[in-house]
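These notes concern the structure reproduced below.
Here is how names work: the chains are called A, B, and so on, in the same order as the sequence lines, proteins then strands, and each is numbered from 1.
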There are 2 protein chains.
Amino acid sequence: MKDLNLNKRSIPPVTINRLCLYHRCLEKITEQKDSLFSPYISSSEISHLTGINPAQIRKDLAYFGEFGLRGIGYPARELQLELKKILGLDKVWSVIIVGAGNLGSALLGYEGFKRRGFLIKAIFDRDRSKIGRRIHNLRISSIDKMEEFIKEEHIDIGILVVPAESAQEVANIMVKSGIKAIINFAPLRLSLPPEIKVNNVDLSIEFEGLTYHLKMC
Amino acid sequence: MKDLNLNKRSIPPVTINRLCLYHRCLEKITEQKDSLFSPYISSSEISHLTGINPAQIRKDLAYFGEFGLRGIGYPARELQLELKKILGLDKVWSVIIVGAGNLGSALLGYEGFKRRGFLIKAIFDRDRSKIGRRIHNLRISSIDKMEEFIKEEHIDIGILVVPAESAQEVANIMVKSGIKAIINFAPLRLSLPPEIKVNNVDLSIEFEGLTYHLKMC
DNA sequence: TAGATTGTTAATCGATTAACAATC
DNA sequence: TAGATTGTTAATCGATTAACAATC
């Protein structure tokens with residue numbers, strides 16, 4: 001009965017994103033233990049911290065089990081660890097970055113990844129003048145080495161930070177080599193087999209969507 | 001009658017994002033004129049290019065007017081220019097970046113902004129050791145100068161790339177100084193007056209949301 | 001005229017929120 | 001027992017898609 005809920009297909013994608021939010025918020029709370037009068041936290045308290053409706057929170061959590069105690073709330077630390085497991089953040093993931101431009105280098109330099117279990121194993125580029133240079137203590141490799149590297153190192157996630165023109169081509173090689181998920185920063189929709197999980201991050205839309213609201217001010 | 005549609009409040013926020021998509025796709029199409037047999041493009045052609053349902057496309061466009069000809073399609077170039085105007089991309093916008101870390105520097109270096117009418121006027125940081133250094137031909141300024149700068153230069157948009165701890169504080173100063181919109185890369189929900197347009201870009205969620213799907217593979 | 005495609009209404013789908021019995 | 005809060009169902013809301021009359 002409860003197992004039906006664990007069937008991934010029935011869970012709204014936005015729920016997963018909110019789960020990340022709850023996890024982050026609980027992590028913050030449980031780290032500063034002193035300020036925690038009770039080890040329990042209610043959905044309305046989480047609501048205050050995240051801005052998400054308490055009924056929404058309870059429903060999101062209920063997809064994955066019964067974590068709370070009626071009349072009491074959720075055991076904060078326990079729930080945090082539970083969410084960590086659900087989100088797969090208790091594991092270590094191998095990541096490569098393709099594209100050693102401004103954004104690729106910035107992502108490589110982001111310290112938060114390691115703490116979250118994302119290990120950046122290599123950065124690739126096509127540009128001969130970049131190959132061999134070091135950024136953030138990692139040598140830029142030729143993209144020709146990518147296929148072999150993904151296979152040998154069992155890379156899970158590829159971060160695509162190349163120009164739109166080459167994104168599809170690079171993504172195809174990634175998939176062929178056995179990558180399971182791609183975070184795509186190139187402004188185009190990739191056509192890939194459905195078993196590959198793709199997250200598109202379109203920074204230009206963040207900017208262009210803003211000016212619509214600004215233009216009559 | 002048609003004016004009612006122009007009432008912003010009635011337009012779904014996702015429509016604006018899709019409008020950016022259509023605009024980008026039409027821009028690409030109309031630039032390579034030669035490949036354009038007809039100057040008209042149908043909603044189903046746009047659908048093939050963007051992956052968005054043709055009925056959705058017609059509905060999104062209809063919020064803003066009647067741009068098409070029944071039986072023919074939409075005049076591609078005309079529609080592109082119309083969308084550019086609707087999105088406010090025919091104007092020039094003054095932008096500042098706050099936070100000269102990895103991501104801040106990367107955004108500063110992104111050439112695409114200028115082409116889209118986003119002029120980055122300054123980059124600020126609190127770190128004494130960074131102030132005065134130059135990145136991408138712009139001198140890093142002390143954050144103490146931000147308030148005055150926003151006022152004098154009539155800055156429209158602030159890009160917030162500071163640690164979560166200082167984000168709210170910096171955002172408050174931005175708003176006090178007259179900024180109208182903020183793109184927030186810090187992983188927290190800012191509390192700001194409702195007339196300020198905020199776009200949150202939460203890169204960690206892009207990563208953490210992925211591993212949920214990966215964990216049973 | 002016949003074929004094509006828009007603009008718009010109606011039907012469908014999915015996600016959010018309210019309400020409340022269960023229960024600590 | 002009275003008060004609080006969950007888990008879950010039902011009601012609401014909003015967004016997507018299908019269908020079709022209008023019309024080029």
Toward the 5' end of DNA chain C, which comes first, G71(B) or K59(B), by nearest nucleotide?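 Residue closer to the 5' terminus by nearest nucleotide: G71(B).
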Pairwise 5' ranking along DNA chain C for A55(A) and G73(B), keeping only the more 5' one: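 Nearest-nucleotide comparison on DNA chain C picks G73(B).
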Taking only the side-chain heavy atoms of [X] (C-beta and beyond), determine which of [options] contains the nearest atom.
{"X": "P12(B)", "options": "dA18(C), dG7(C), dA15(D)", "value": "dA15(D)"}
{"X": "Q56(A)", "options": "dT6(D), dT23(D), dT17(C)", "value": "dT17(C)"}
{"X": "E66(B)", "options": "dT16(D), dT8(C), dT5(D)", "value": "dT8(C)"}

Ignoring hydrogens and angles, are the base of dG7(D) and the side chain of R58(A) linked by a donor-acceptor pair under 3.5 Å?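 Per atom types, the contact qualifies.
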Checking K121(B) against S94(B): is there a side-chain donor and acceptor pair closer than 3.5 Å?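 A pair is found: one side chain offers a donor N or O, the other an acceptor, under 3.5 Å apart.
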So what does S43(B) touch, heavy atoms closer than 4.0 Å: a base, only the sugar-phosphate, or nothing?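 Counting heavy atoms under 4.0 Å across all strands, the contact made by S43(B) is with sugar-phosphate only.
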Please determine whether a side-chain nitrogen of the Lys or Arg among E27(A) and R77(A) lies less than 4.0 Å from a carboxylate oxygen of the Asp or Glu.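 Here E27(A) does not pair with R77(A) in a salt bridge, since their nearest N and O are not under 4.0 Å apart.
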Would you please test R115(B) and E111(B) for salt bridge (charged side-chain N to carboxylate O under 4.0 Å, His left out) and show each step? CA-CA 7 Å; R115(B) 198 170 39 81; E111(B) 286 299 324; over 6 Å; no
Quick one: [X] [atom1] to [N] [atom2], roughly how many Å, whole number?
{"X": "I46(B)", "N": "dT6(C)", "atom1": "CD1", "atom2": "P", "result": "8 Å"}
{"X": "L61(B)", "N": "dG7(C)", "atom1": "CG", "atom2": "C1'", "result": "11 Å"}
{"X": "L69(A)", "N": "dG7(D)", "atom1": "CG", "atom2": "C1'", "result": "12 Å"}
{"X": "I52(A)", "N": "dT16(C)", "atom1": "CD1", "atom2": "P", "result": "9 Å"}
{"X": "E45(B)", "N": "dA4(C)", "atom1": "CD", "atom2": "P", "result": "13 Å"}
{"X": "I16(A)", "N": "dA15(C)", "atom1": "CD1", "atom2": "C1'", "result": "14 Å"}

Step-by-step salt bridge (charged side-chain N to carboxylate O under 4.0 Å, His left out) determination, D90(B) to K85(B): CA-CA 5 Å; D90(B) 57 337; K85(B) 243 170 72 184; over 6 Å; no
Could you tell me whether the phosphate oxygens of dA15(D), OP1 or OP2, come under 4.0 Å of any side-chain nitrogen or oxygen in R18(B)?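 No, because none of the side-chain N or O atoms of R18(B) sits under 4.0 Å from OP1 or OP2 of dA15(D).
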Distance check: side-chain N/O of Y74(A) vs OP1/OP2 of dG7(D), anything under 4.0 Å?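 Yes, Y74(A) has a side-chain N/O under 4.0 Å of OP1/OP2 on dG7(D).
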Hey, can you tell me if F207(B) and F113(A) have their rings parallel, tilted or perpendicular (30° and 60° cut-offs)?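 Tilted, since the angle between the ring planes falls between 30° and 60°.
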Could you tell me the Watson-Crick or G-U partner of dT12(D), where both distances fall under 3.5 Å? Say none if there is no partner.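 In the structure as shown, dT12(D) has dA15(C) as its Watson-Crick or wobble partner.
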Identify the nucleotide, in any strand shown, that forms a Watson-Crick or G-U wobble pair with dA4(C), with both distances under 3.5 Å; if there is none, say none.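 In the structure as shown, dA4(C) has dT23(D) as its Watson-Crick or wobble partner.
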